[in-house]
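Below is one structure, written out as structure tokens, with a few remarks after it.
First the proteins, then the strands, lettered A, B, ... as listed; each starts at 1. Note: hydrogens, waters and symmetry copies are ignored here, and every other heavy atom, side chains too, is used.
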Amino acid sequence: MPTVSMTVNGKAVSGTVEGRTLLVQFLREHLGLTGTHVGCDTSQCGCCTIHLNGKGVKSCAVLALSCEGANIVTIEGLATADKLHPMQEAFREHHGLQCGFCTPGMIMSAVEMVRAKGHDLDEKTIRKQLEGNICRCTGYHNIVRAVQAGAAAMKGA
Amino acid sequence: MFDFTYHRPATLANASTQLANAEHKPLAGGMSLIPSLKFRLNRHAALVDLGAIAELRGIRREGDTLVVGATTPHAEVAGSTLVRQALPALSVLAEGIGDPLVRNRGTIGGSIAHADPAADYPSAVLGLNATVVTQQRSIAAEDFFKGVFETALQPGEIITAVRFPCGPLTQRAGYAKYRQPASRFALVGVFVVQTAAGVRVAVTGAAPSVFRFTAAEAALNKRFDPSALEGVTLDANGLNSDIHASAVYRAHAVVEMAKRAVAAALGQGGSN
């Protein structure tokens, strides 16, 4: 079977995979990084969102072997030893989650959103940019508030 | 999904060699291919990933032609200053495909090779009278789309770029899409272009394949204004009908989206 090497959350990793092994399977099953969730497995819900070379993508629709040499960041890569990432802190502060299943994807998308659209995000922009992430609990209001606050907080971080 | 052998060639020549086998399939962004493999709708002995071939990616302008490399992701087209200057309607279209995460990965070449009847890009390719370039030949938009998930591409043929006429050749263009809210595919999408040679109206989402709405073109050739489409109708016979919209509903929506696309082309707002 082929091997694949990439950088995940700053660490060089490699593993033996099948052609069909998805990036999300590699992250969860080979590396034990189970913060990245599989919700729908049909690339609609966004729970599996990670950053691939700095861009948000759905890791359930990317082959692990396509990521040879890539730089991957997962939800586990955001916080430092004892300090949450400002976007994580904002989700906690603004109660941007209920069951929490979609949260890793929401936060990875939110951080991507700041990269793409800047720190000063209005509600309309946030809702449009979150189209790839589905939450079945919250009704999104608190998520939108959390993203807005997190984006602003990232300016100072 | 069934397992397959994975190839990641660094050059177009190597990709061509690996795709000479009819059991092998090119992989671009994978936003349609990987889900279809998961459903076991398709099975291939090998996938040939085009992602490492640098010459297939990027956007450049050559005089009055905008050249978009086949593996350029939608987000790159949407965010490109070159595209915004040359063909703002193409930028609007790309910004409305799927969601941000899909736009970061999905590619123009993959979209048109897949030829989903509800995909956005085919309407721009046909509307703008673009040329699809492969490693073997150039294919006119009119000859490219053949039916549901069917194109003029031969086995082993790889799209390398899409060449869009721009500048004085394309005076004004607009795109309006009535999107299916869950999938964000086009329930119907209409791309309208005013050129020196006349108006072109290309419709996606409504039929098995993208097509030109000639009655609308005739009306808009007389007067390029949304009101010129009052009373213009599209025959619902042969249009798609599904759980989301009947053929009659789609026929009506096409005319309405055509009006909005004209308004967008005229800078009067509009929707996507």
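Atom CZ of B/Arg8 sits about 8.0 Å away from atom CD of A/Glu68, to the nearest 0.5 Å. Atom-to-atom distance recorded for A/Arg20:CZ and B/His44:NE2 is 14.5 Å, nearest 0.5 angstrom. To the nearest 0.5 angstrom, A/Glu18 atom CD is 15.0 Å from B/Tyr6 atom OH.
Proximity to chain B involves both the backbone and the side chain of A/Leu63, based on heavy atoms less than 4.5 angstrom apart. For B/Leu47, the part sitting under 4.5 Å from any heavy atom of chain A is the side chain, from C-beta outward, and nothing else. Residue contact with chain B, scored on non-hydrogen atoms closer than 4.5 Å, involves the backbone and the side chain of A/Ser66 alike. Both the backbone and the side chain of B/Asp3 come within contact range of chain A, judged by heavy atoms closer than 4.5 Å. The contact between B/Phe2 and chain A is made entirely by backbone atoms, counting heavy-atom distances below 4.5 Å.
At distances below 3.5 Å, at least one donor-acceptor pair connects side-chain atoms of B/Arg184 with backbone N or O atoms of A/Glu131. When atom types are taken as modelled, the side chain of B/Asn104 and the backbone of A/Val57 share no donor-acceptor pair closer than 3.5 angstrom. A donor-acceptor pair under 3.5 Å links the side-chain atoms of B/Lys38 to the main chain of A/Asp41, judged by distance alone.
For the residue pair A/Gln129 and B/Asp99, no side-chain donor N or O sits within less than 3.5 Å of a side-chain acceptor on the partner.
With contacts defined as side-chain heavy-atom distances shorter than 4.5 Å, the pair B/Val102/A/Ser43 does not qualify.
The environment of A/Phe101 atom CZ is dense: over 12 non-hydrogen atoms of other residues, nucleotides or ligands sit within 6.0 angstrom. For A/His141, the NE2 atom sits in a loose shell: 12 or fewer heavy atoms of surrounding residues, nucleotides or ligands are nearer than 6.0 Å. Crowding of A/Arg127 atom CZ: a count of heavy atoms from other residues, nucleotides or ligands under 6.0 Å exceeding 12.
Considering all non-hydrogen atoms of both residues, B/Phe39 and A/Thr42 come closest at CZ-CG2, 3.7 Å.
Taking chain B as the reference chain and counting heavy-atom pairs below 4.5 Å, the highest number among A/Ala116, A/Gly46, A/Cys60 is found for A/Cys60. Of the residues considered (B/Ile34, B/Thr5, B/Leu27), B/Ile34 shows the highest number of contacts with chain A, using heavy-atom pairs under 4.5 Å.
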Between B/Leu101 and A/Thr49, is a side-chain contact (heavy atoms from CB on, under 4.5 Å) present by the stated rule, with each step listed? CA-CA 8 Å; B/Leu101 309 168; A/Thr49 302; 3.2 Å; yes
